[in-house]
Visitor: 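Starting off with a structure, shown below.
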Amino acid sequence: MPPYVGSGWAAVHHTHNLDPLLLAVWLLPLAGALALWAFGPQLRRGAGVLGTAVVFVCFALTLFDVRGAFGSPASGVGIGNAVPLVSWLPGFDFGLLWDPLALLWTLVITGVGGLIHLYSIGYMAGDKAQARFFAYLNFFVFAMLTLVLSDNFVGLLVGWGLVGLASYFLIGFWFYKPSAVAAARKAFVINVAGDVGLMFAIFVMFAATGSTTYADVFSHAGTLPQGVILTICIALFIACAAKSAQLPLHTWLPDAMEGPTPVSALIHAATMVTAGVYLIARCAPLWDASPDARALVGTIGALTALTGALLAIAQWDIKRILAYSTMSQIGYMIMGVGVGAYQAGILHFYAHAFFKALLFLGAGLVIHELGDEQDVRKMGGLRTRTPIAFIAMAIGTLAIIGFPGFSGFYSKDAVIYGVLERGYPALYAIAVITAGITGYYMFRMIFVTFYGRYRGDVPDAELGLAGRPPASAHGHHGAPRWLMEAPVIVLMVPSVIAGYVSIGGAGSLWMRYFKADFASQPLPAPPPPFSELASTLLVFAIVAAGVAVAYLRYGTAAAKEGAVARLRTEAARIPQPFVRAFYFDDLIDAVAVRPARALGNAFSRFVDPHVIDAGVTDVARIAGRLGRELRGIQTGLVRAYAFVVVGGAVVFIAYFALLRLPR
Amino acid sequence: MTPSLVIPWGSADWTAIAPIIVIALAPLLVLLADLTLPRAARRPAALSLALLGTAAAGLVALAGWGKPYVAFGGGFVLGGFTIAFEEIVIVATLFSLLMAYRLGREDQTAGGLALMLWSAAGAMLMAGAANLMTIFLGLELLSLGLYCLCGLAGRAGAREAALKYLILSSTASAFMLYGMALLFGATGSIQLSALAGANLSAPLFAVGVGMFLIGFAFKLSLAPFHVWTPDVYEGAPLPVTAFMSVATKAGALAVVARFAYAALSTPQSHVLLQPLWILAALSMLVGNLAALAQTDMKRLLAYSGVAQLGYIVAGMAGTTAFGLRYAIFYLAAYTFMNLGAFAVVALLSHDREEGSRLSAFEGLGYRQPVLAGAMTFFLLALAGLPPTAGFTGKVLILAATVGAGYAWLAGVLIVGTAISAYVYIKIVRAMYGRTTGAEIKRPVVPSSPLPWIGVGLCALATLVLGLYPIAPSDVLPLVK
Amino acid sequence: MIWTLALAPMLLGLLLYAWPRSADAAAKWFGVAVAGCAFVVTLLSANAPDESVRWLQRPFTANFHAGLGGLSYWLVLLLTLTTACALASTRISRQRDFVAQMLVLMGAMTGLFVARDLLVFALFWDLMLIPVFLILVAWTPSKSSASAWRYLIYNLTGGLALLLATAAYGMLEGSTDVLGATLGRGATAIGPAWGEWIFAGFAFAFLVKTPVWPFHTWMPSAYADLPPAAAAVVSAVQSKGGLYGFLVVTAPLMPEQMRAALPLMFVLGLVGLVYGAVVALVQDDAKRVVAYSSLSHLGLILIAIFSGNPLALSGAVVYVLAHGLFSAGLFIVLGQVEQREETRSIARLGGLGARNPRLAGSLTIVALAALGLPGLCGFAGEILILTGLYQTGAVWVAGIALVPIIVAAAYMLRLFQGIMQGPEVEDLPERADASFLELLAIAPLVLAIVLLGVNPGPVLAARSLAPAQLSAVEVQR
Amino acid sequence: MTSLPVDISNYVGLSAVIFFIGVAGVLTRRNPLIVLMSIELMFNAANLALIAFSRFWQNNAGHIFAFLVITVAAAEAAIGLAIVVVAFRRAKNVDVDEVAGLHG
């Protein structure tokens with residue numbers, strides 16, 4: 001094993017001072033959530049303001065520490081320190097860890113989160129339960145911070161579970177909708193499956209190292225057997241797959257779009273679903289030590305990216321398009337961090353958080369404007385009706401397809417080339433193709449939504465939409481429009497510039513930020529057959545091709561004219577595998593859900609009453625029958641009794657008469 | 001043997017049987033009072049005198065504690081063992097008397113009370129009897145009184161019970177007597193202690209033991225010699241049933257115990273007692289199973305008694321010293337819990353109907369919570385549930401059987417107890433369960449409040465014995 | 001003092017029958033006050049010295065020996081807390097009689113948990129069946145009392161086995177005063193000749209009481225028919241008697257037999273774990289869902305106890321308490337739902353959350369604790385148990401035991417969503433949301449659920465009555 | 001102990017025969033009076049055995065016992081007849097099989 005693996009973790013400085021700043025950042029959202037939960041009804045409109053303020057305060061406090069990330073680990077408090085909190089048993093110690101990785105995630109959670117809170121004030125203004133909504137949002141922020149700030153795997157698991165819970169709450173926020181209830185349950189159960197993976201990883205690492213803290217586990221990373229590390233990595237990756245919607249545990253993510261749009265933006269795009277990326281980056285020492293794990297995770301990431309992109313093509317719901325695109329983009333990130341291109345993968349997370357939040361919030365503006373209409377077939381021509389949304393989504397689209405100058409360009413190219421650099425040409429090929437498909441489906445969405453003629457007044461039947469349940473409006477009124485537009489506008493900026501931090505190669509701000517976190521590993525020989533520039537050009541060409549196809553199909557004047565008929569036939573012609581999302585739901589249903597229910601029914605209807613209980617009831621029945629038989633013997637006739645007595649006596653005497661005792 | 005005109009027995013011999021003399025003389029006073037006193041005072045006076053006489057006998061018996069003596073040339077042995085059984089008989093008599101205010105017709109009451117005391121005297125004689133002749137005498141004294149007592153109610157059932165008891169019990173007595181004759185023939189002595197040295201291989205002896213045990217298995221209602229019990233218990237008047245359920249058993253048990261411990265205590269002779277333990281096991285099962293289907297409280301208690309006697313006899317399995325102690329302890333516990341249950345039944349009876357149908361208990365928990373509570377307590381005790389003497393007694397019996405190496409008997413005991421739970425708790429359920437439709441309204445006019453004393457004292461004793469078990473400790477040396 | 005804790009509630013309960021019928025409603029608060037006082041007194045007597053009164057000297061020594069150390073302390077706290085909460089939330093006909101029975105039950109169970117003598121343990125073991133049976137027959141909705149009989153016969157059979165084993169143990173060892181660490185000689189391990197039988201007796205009683213598959217069929221009907229308050233106490237505390245027994249009776253006294261029984265117990269526990277989970281998935285009666293979920297959870301604890309791993313044992317203790325807290329909470333909240341809507345059918349209920357947010361909130365928290373949400377008490381137990389199991393080398397056991405966690409999420413959400421979410425059902429009675437008092441009744445449980453989940457530290461130290469004895473069975477690998 | 005002398009075994013054999021005649025009578029006869037007589041027969045069989053053994057052992061105890069038994073049997077007969085009279089006072093037939101009101 002190379003000695004560098006995990007060596008940095010020995011240097012983690014444990015302080016016994018509780019960093020008040022850190023504690024405040026961590027606990028304020030919890031306090032906010034509790035306050036909103038307890039006093040929500042009294043707060044009325046103030047609930048949103050309170051919730052938003054709390055998150056922005058956390059963001060501000062976090063900013064104080066950014067500078068520390070570039071210096072050396074300070075003594076006392078600040079970046080680079082672990083703060084112990086509670087200890088259950090040896091090996092089960094809980095504390096907070098404040099390092100660049102955690103800081104970055106905290107910034108995104110509180111920053112993007114704050115903006116989405118702000119946006120929600122407007123979006124949820126008409127909802128009676130908005131205090132509850134903000135309580136959940138604040139709770140989510142707390143949970144996510146727990147996840148990223150924990151200095152150990154059990155604490156991570158706590159955060160991991162709590163974000164799943166927050167996600168459940170928010171997906172099922174409109175709990176009177178059966179579809180939302182089902183989606184929430186699905187999301188939660190699949191996330192618990194992920195939690196279970198993480199638990200298994202904890203078992204293995206505890207058995208191997210006797211501890212669950214990052215520092216202890218990672219300092220053993222170099223000495224553990226390959227098999228153990230691979231087991232840990234696979235178990236951890238199950239958790240990542242569930243949380244970050246990787247194959248085959250991704251099926252909950254599109255359904256999760258049942259939640260309010262800000263939720264989709266915050267949880268199911270910007271933050272929670274990238275927890276898997278965080279986890280792998282956090283566990284870099286383990287992945288560094290296991291080439292098999294790298295190959296596996298990289299492959300699944302790539303396949304997820306491709307699957308997501310392919311499925312996004314066939315969607316009509318604007319949020320589901322974005323959901324599949326999220327899945328696809330997280331596939332990129334996972335592939336990046338999976339193969340060891342940590343900085344690139346994280347950069348993609350960082351950029352994606354902005355542009356995907358922007359896309360969702362833009363979509364939210366549209367949905368809001370159209371009274372909760374989410375089907376793009378009922379849209380069209382919205383460029384002028386919702387200009388801010390159009391601009392936002394255009395910027396977001398350009399960013400996501402990697403248009404030069406936009407944030408996605410830097411991050412995605414870094415990931416794609418990083419994969420090639422680390423010797424995975426097959427994955428590279430998938431990544432490049434996926435980029436092309438991304439260009440196609442994103443522009444398809446833009447064209448169908450914003451160009452052409454507005455189709456909201458076209459009868460459903462003409463669009464091939466007959467039979468769908470009516471959209472239920474959650475009631476929008478009251479809030480000024482700028483309240484929603486302001487965060488969108490703010491988000492446009494980082495969506496463009498977020499990638500600039502990585503300009504400058506190895507000496508860039510980005511690389512310096514992570515200098516202590518990811519050991520630089522030698523790249524495998526031979527070097528890639530072509531340079532990064534060539535790769536960039538190749539990707540650009542393929543993306544351009546994808547965009548071009550989208551333009552030809554949806555963007556030309558002719559296409560715009562015949563949109564209604566065209567959409568109708570196209571919807572009918574989508575191949576079945578795409579409609580059924582490649583049968584993943586059916587697979588899970590057939591493998592897990594139905595057998596479990598069948599087993600349960602068999603046990604409760606047959607085994608319990610007719611097998612286990614049968615013996616017991618039989619005994620009772622036999623006893624009762626014997627009792628009645630004995631009653632029958634008792635005829636009341638004296639001579640019968642005398643016969644019994646004498647008969648007994650004869651047997652009795654016979655025993656004694658036949659007894660032969662030794663003298 | 002030199003003939004002598006001097007009666008060979010001194011005052012110590014008479015002192016030894018003083019309690020028996022007291023309880024045998026008291027009926028004379030009872031009858032005298034019945035003859036002389038005005039009509040209205042007869043019943044109370046007769047009952048008071050009977051109670052006083054019995055209590056006096058109890059005190060006199062206690063005075064003999066710690067003064068072991070072999071009286072009447074080995075015919076009667078006084079010791080802790082004897083006194084323990086005597087006291088149990090006396091307690092049973094006292095509680096039965098408390099229920100006996102309306103025993104028979106008004107002009108029959110005094111006679112009935114007298115007969116009960118004489119029967120008690122017979123049982124007490126059995127407690128101390130140490131030769132075959134006194135055993136026979138005690139047994140017949142006990143039985144003859146009971147034959148009459150059984151018929152003392154104005155029901156056809158009572159007469160039937162008397163007839164059945166007469167025929168079957170006499171037959172059993174005849175078996176026992178013939179067994180005694182064979183034992184005498186095999187050893188040439190009527191002393192139980194002389195049997196200890198007998199030639200075990202002689203068939204005469206073995207068959208004698210067998211026939212002797214049959215007689216007592218009948219008296220103890222051990223299955224399958226229990227067939228008479230339910231009918232007789234059901235037919236006889238309630239106080240008589242209560243008396244029989246304890247006093248007869250105590251007397252017979254004393255004889256069996258003495259026989260087992262004094263005559264057959266050698267390891268070689270254990271095989272002669274083996275059938276007794278098998279009968280005990282059978283009784284536990286048959287008694288509890290048969291009780292399952294009963295709807296009359298007296299019949300149910302009859303079968304329950306069959307099972308309870310099975311437990312007691314099982315305690316003596318292997319004739320260990322501690323086994324005897326715990327058997328006596330359990331007998332004492334059984335006395336209180338059983339008589340307590342009878343006292344509750346007595347309180348439920350009114351007019352001519354004895355409150356012994358199970359339907360009389362339905363909804364009792366809501367009509368008479370205290371009485372129902374007491375009944376629950378006694379039933380729990382009979383079922384061997386804490387915190388009662390029944391629980392402690394059962395632990396001790398289990399310990400005794402396991403300690404003596406009769407684990408299979410302990411196993412049967414557990415099975416029997418499990419069945420019995422249903423029997424007893426069924427009544428608890430009737431008292432507290434949801435009643436069908438409107439709650440049953442029954443006029444409760446107890447014929448006499450006296451059984452309340454019995455209920456209270458029995459409950460107290462059942463609780464105290466359960467938590468502070470005073471196991472008679474020095475009974476064994478006095479078994480001869 | 002310790003015996004007072006057990007006896008006073010029983011006496012007060014019996015005295016309650018003298019309470020005037022006209023003040024039926026107030027009887028409940030009397031009960032809450034008694035249970036609350038018991039809780040406070042227990043809380044304050046963490047270091048109370050053992051108490052002993054002589055009972056039997058022959059055929060073996062048995063004393064009324066009580067101690068409040070170790071696990072006893074926590075279980076009595078759990079008992080008194082859940083009783084107080086359950087009584088406070090109860091609304092039932094003939095309240096006076098009900099409270100009286102509940103107090104007797106509480107006293108009897110206190111006696112069980114403080115007993116340091118096997119025979120006294122067995123005494124209270126049987127005693128605590130009686131009030132539950134009486135409650136079942138008197139307040140059961142059906143006339144047949146089938147559930148009551150099932151409960152009684154199963155548990156009594158177990159109790160008798162326990163009694164026989166205790167008597168045999170006493171005869172062999174000469175004393176049953178062996179559970180405490182401070183008094184009496186240290187118990188010796190029983191040899192193989194009798195040990196198996198005695199262990200079998202104990203184990204049977206404990207398995208039935210817990211209950212462990214396949215001895216569980218008394219449980220669903222009993223839990224379904226018991227009034228919610230009683231179901232809460234029985235499932236939360238009484239069923240812990242079995243696991244407690246394994247922890248404090250067989251583990252220290254019969255380590256050899258424990259080890260020998262390990263494969264069997266692992267199988268029973270695992271089967272129960274999966275069986276309970278999948279059956280809970282398809283039950284329509286809300287209380288039966290909880291009942292079968294208990295079967296699943298308790299199977300895990302059984303495995304943990306038998307594994308002998310220190311970590312798993314610590315986890316078992318946490319999970320014993322955790323299960324007590326959340327199952328009590330579940331039954332109480334479901335009882336409040338049933339009171340309002342007069343049904344427990346998940347298919348029939350729905351959408352209550354819209355008008356009963358407080359009720360929904362309560363149910364959310366307890367259901368989350370039950371499904372093992374990280375951060376709440378159920379998780380703390382699960383992770384310690386499973387980590388310990390894996391550490392012992394029971395890799396497959398730990399792996400299989402993970403599956404029911406996923407199923408638990410499914411059935412608990414099905415329970416919660418089926419009742420609280422979805423469209424409102426038209427023809428259900430409309431009743432007010434949980435009152436402030438009802439919230440207050442559940443609040444202590446919720447607080448305990450969170451506290452235990454965040455820091456089970458103080459509980460972890462209390463793995464047994466006598467830590468020194470337990471080390472004998474700790475299998476270090 | 002060796003087997004009994006010939007003469008004693010005759011007595012014992014006779015008593016056994018009488019005893020079993022009594023048993024058979026109890027089992028087969030339906031008239032309660034004859035049943036009572038059969039029981040007396042069993043008692044007297046025992047008496048015979050007692051006296052025979054008493055002579056064999058040269059021991060008075062058996063004789064005394066026999067007298068006791070005779071006395072007791074007399075008392076028992078008296079009570080028995082009384083009970084029979086009471087039990088069958090209102091019955092047409094004197095038959096023990098008619099008396100079966102208590103059963104189960």
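Within every chain, numbering begins at 1; the chains are lettered A, B, ... in the order of the sequence lines, protein sequences first and strands thereafter.
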Visitor: Can C/Asp177 and C/His65 be counted as having a side-chain donor-acceptor contact under 3.5 angstrom?
Guide: yes
Visitor: Do you know which of C/Leu129, C/Leu163, C/Thr166, C/Thr157 has the most heavy-atom pairs with chain B at a distance under 4.5 angstrom?
Guide: C/Leu163
Visitor: Side chain, backbone, both or neither: which part of C/Leu127 has an atom under 4.5 Å from a heavy atom of chain B?
Guide: both
Visitor: Does the B/Tyr261 side chain pair with the main chain of B/Leu324, one donor and one acceptor, at a distance under 3.5 Å?
Guide: yes
Visitor: Any non-hydrogen side-chain atom of B/Phe81 less than 4.5 Å from a side-chain atom of B/Ile328?
Guide: yes
Visitor: Determine whether a donor-acceptor pair (N or O, by modelled atom type, separation under 3.5 Å) exists between the side chain of C/Asp24 and the backbone of C/Gln95.
Guide: yes
Visitor: Would you mind checking which part of C/Leu136 comes under 4.5 Å of any heavy atom in chain B, side chain (CB onward), backbone (N, CA, C, O), both or neither?
Guide: neither
Visitor: I'd like to know if the side chain of C/Lys209 and the backbone of C/Gln238 have a donor-acceptor N/O pair within less than 3.5 Å.
Guide: no
Visitor: Could you look at C/Thr140 and say if it's the side chain, the backbone, both or neither that has a heavy atom under 4.5 Å from chain B?
Guide: backbone
Visitor: Can you classify the ring geometry of C/Phe124 versus C/Trp3 as parallel (below 30°), tilted (30 to 60°) or perpendicular (above 60°)?
Guide: parallel
Visitor: Checking an interface table here. Which of residues 382-392 of chain B come within a heavy-atom distance under 4.5 Å of chain C?
Guide: B/Leu385, B/Pro386, B/Pro387, B/Phe391, B/Thr392
Visitor: Of the backbone (N, CA, C, O) and the side chain (C-beta and beyond), which part of B/Ile419 lies under 4.5 Å from a heavy atom of chain C, both, or neither?
Guide: neither
Visitor: Distance check, rounded to the nearest 0.5 Å: C/Leu123 atom CG versus C/Phe121 atom CZ?
Guide: 11.5 Å
Visitor: Aromatic ring centroids of C/Phe60 and C/Trp55 under 6.0 Å?
Guide: no
Visitor: Has B/Arg367 got a side-chain atom pairing as donor or acceptor with B/Ala372's backbone, closer than 3.5 angstrom?
Guide: no
Visitor: To the nearest 0.5 Å, what is the distance between OG1 (C/Thr176) and CZ (C/Arg116)?
Guide: 13.5 Å
Visitor: Select one option (side chain, backbone, both, neither) describing which atoms of C/Leu152 are under 4.5 Å from chain B's heavy atoms.
Guide: side chain
Visitor: Could you tell me which portion of C/Leu56 (side chain, backbone, both or neither) has an atom closer than 4.5 angstrom to a non-hydrogen atom of chain B?
Guide: side chain
Visitor: Report yes or no: does B/Ser283 contribute a side-chain atom to a donor-acceptor pair with the main-chain N or O of B/Ala223 at less than 3.5 Å?
Guide: yes
Visitor: Can you name the residues of residues 397-407 of chain B that have some heavy atom under 4.5 Å away from a heavy atom in chain C?
Guide: B/Leu398, B/Ala399, B/Val402, B/Gly403, B/Ala407
Visitor: Before accepting this row, confirm whether a basic side-chain N of the pair C/Asp97/C/Arg21 lies closer than 4.0 Å to the acidic partner's carboxylate O.
Guide: yes
Visitor: Exactly one of C/Trp218, C/Trp149, C/Tyr151 should register a ring-ring contact (aromatic ring centres under 6.0 Å, His included) with C/Phe133. Which one does?
Guide: C/Trp149
Visitor: Measuring heavy-atom distances to chain C, does B/Leu467 have an atom under 4.5 Å in its side chain, in its backbone, in both, or in neither?
Guide: both
Visitor: Checking B/Tyr432 against chain C: side chain, backbone, both or neither under 4.5 Å from a heavy atom?
Guide: both
Visitor: To the nearest 0.5 Å, how far apart are CG in B/Leu364 and CG in B/Leu348?
Guide: 5.5 Å
